[in-house]
Amino acid sequence: FLNLRAERDFLGTPIFNSPDEAVNFWASQKIANWQKPIMIFNSSVSEYKFIDPRGTYLIQNGAGLAPTGFMGFPVLAALTNKVFGFADSMLWITALSAVVLSWALYFFTLKFFDARTAMFTFFSSAFLSPLAYYSIRGMFNNVSFVSFWFLALVFLYFGIGKGGRREIA
């Protein structure tokens, strides 16, 4: 039911339905191969067919195109690619961060309400249609961004609750 592998064209290039996904995949592949994520016009004709112009911006001196948006997600995807050693491992980041978000909501709700309410929060967040839709899209950074942001707030709350604020001497 969850197809986390990207569809591929006849050359083996992943096909994404969003320019953001395509440029995130392209940039993470470049970073994983220790290259700059900049598209030079003359040498990257095949890459330019893969990337939609909406996902890039022109470099000031006209040397090429660079990806738009937050570059932390392609860097995280490239790191995942390097750690796990296969190219499609980066397509699982969004789905895994959605699962982590649902569990974080569960434990955060459990702090204030009973277990039944926390379990309802878990299932309602896990099967919330926008979260489910965007979490199966492997290179969409929206779900990961919200997940990491909420995790940071939860860690901040639990850190302060346990006396996490200390004076630095």
Side-chain angles (χ1 to χ4, degrees), residues 1-9 12-37 47 50-52 54-56 66-162 164:
F1 135 98
L2 289 179
N3 182 14
L4 295 174
R5 299 180 65 96
E7 298 296 323
R8 299 188 184 275
D9 68 2
T13 305
I15 299 171
F16 297 101
N17 293 330
S18 164
D20 297 334
E21 282 184 294
V23 78
N24 281 338
F25 183 79
W26 172 79
S28 61
Q29 289 292 321
K30 288 285 202 177
I31 294 168
N33 292 325
W34 304 106
Q35 299 172 0
K36 289 182 182 178
E47 291 174 347
F50 176 66
I51 303 296
D52 189 88
R54 187 185 85 90
T56 60
T68 60
F70 178 61
M71 284 302 294
F73 186 76
V75 170
L76 178 65
L79 180 66
T80 305
N81 189 0
K82 286 293 189 186
V83 168
F84 293 108
F86 59 97
D88 287 345
S89 63
M90 67 181 67
L91 298 174
W92 291 83
I93 294 173
T94 306
L96 291 176
S97 64
V99 171
V100 169
L101 172 66
S102 297
W103 280 109
L105 281 169
Y106 170 78
F107 288 115
F108 190 70
T109 307
L110 194 60
K111 182 80 172 163
F112 300 104
F113 301 101
D114 61 340
R116 186 174 171 202
T117 305
M119 192 57 71
F120 176 76
T121 304
F122 170 78
F123 282 114
S124 64
S125 68
F127 295 109
L128 191 67
S129 57
L131 185 70
Y133 174 73
Y134 286 113
S135 64
I136 62 171
R137 304 195 50 168
M139 296 303 291
F140 235 57
N141 56 359
N142 300 355
V143 173
S144 298
F145 178 77
V146 171
S147 299
F148 294 140
W149 181 252
F150 186 74
L151 276 175
L153 291 176
V154 168
F155 288 146
L156 178 68
Y157 174 78
F158 284 125
I160 290 174
K162 292 185 177 186

A.B. asks: Considering non-hydrogen atoms only, spot the tightest contact between Phe107 and Phe158 and give its length.
C.D. replies: O-CZ, 4.2 Å
A.B. asks: Mind checking the CG-CZ spacing from Leu110 to Arg116? Nearest 0.5 Å is all I need.
C.D. replies: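 Here the rounded value is 14.5 Å.
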A.B. asks: Looking at Lys111, I'd like to know if its NZ atom is crowded, meaning that more than 12 non-hydrogen atoms belonging to other residues, nucleotides or ligands lie closer than 6.0 Å.
C.D. replies: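 At most 12 heavy atoms, drawn from other residues, nucleotides or ligands, come within 6.0 Å of this atom.
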A.B. asks: Set out, in order, the CA-CA distance, both residues' side-chain angles and the distance that settles side-chain contact (heavy atoms from CB on, under 4.5 Å) for Val146 and Leu131, then state yes or no.
C.D. replies: CA-CA 10 Å; Val146 171; Leu131 185 70; over 6 Å; no
A.B. asks: Mind listing the closest non-hydrogen atom pair of Ser144 and Phe73 along with its distance?
C.D. replies: OG-CE1, 3.6 Å
A.B. asks: Can you measure from CG (Leu79) to CZ (Phe84) and round to the nearest 0.5 angstrom?
C.D. replies: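 Rounded to the nearest 0.5 Å, the CG-CZ separation comes to 9.0 Å.
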A.B. asks: Do you know which two heavy atoms are closest between Thr94 and Met139, and how far apart they sit?
C.D. replies: OG1-N, 4.5 Å
A.B. asks: Parallel, tilted or perpendicular for Phe145 and Trp149, by the 30°/60° rule?
C.D. replies: parallel
A.B. asks: Do you know the tightest heavy-atom contact between Met71 and Ile31?
C.D. replies: CE-CD1, 3.8 Å
A.B. asks: State the CH2-OG distance between Trp92 and Ser97, to the nearest 0.5 angstrom.
C.D. replies: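 Output value for this atom pair is 13.0 Å.
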A.B. asks: Apply side chain to side chain donor-acceptor pair (under 3.5 Å) to Asp114 and list each qualifying residue two or more places apart in sequence or on a separate chain.
C.D. replies: Thr117
A.B. asks: Which heavy atom of Val143 sits nearest a heavy atom of Ser135, and at what distance?
C.D. replies: CG2-N, 4.0 Å
A.B. asks: Let me see the working for Thr109 and Phe122 under side-chain contact (heavy atoms from CB on, under 4.5 Å), right down to the final yes or no.
C.D. replies: CA-CA 9 Å; Thr109 307; Phe122 170 78; over 6 Å; no
A.B. asks: Quick check against the 3.5 Å criterion: does Asn33 have a side-chain atom that pairs as donor or acceptor with the backbone of Gln29?
C.D. replies: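 Confirmed, Asn33 side chain pairs with Gln29 backbone.
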A.B. asks: What closest approach, in Å, do Ala98 and Ser147 show between heavy atoms, and which atom pair accounts for it?
C.D. replies: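 Minimum heavy-atom contact is N-OG, 4.0 Å.
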A.B. asks: Could you pull out all residues at least two apart from Phe150 that satisfy ring-ring contact (aromatic ring centres under 6.0 Å, His included)?
C.D. replies: Phe108
A.B. asks: To the nearest 0.5 Å, what is the distance between CG on Leu76 and CD1 on Ile93?
C.D. replies: 4.0 Å
A.B. asks: When rounded to the nearest 0.5 angstrom, what distance separates CG in Leu128 from OG in Ser102?
C.D. replies: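 It comes to 9.0 Å.
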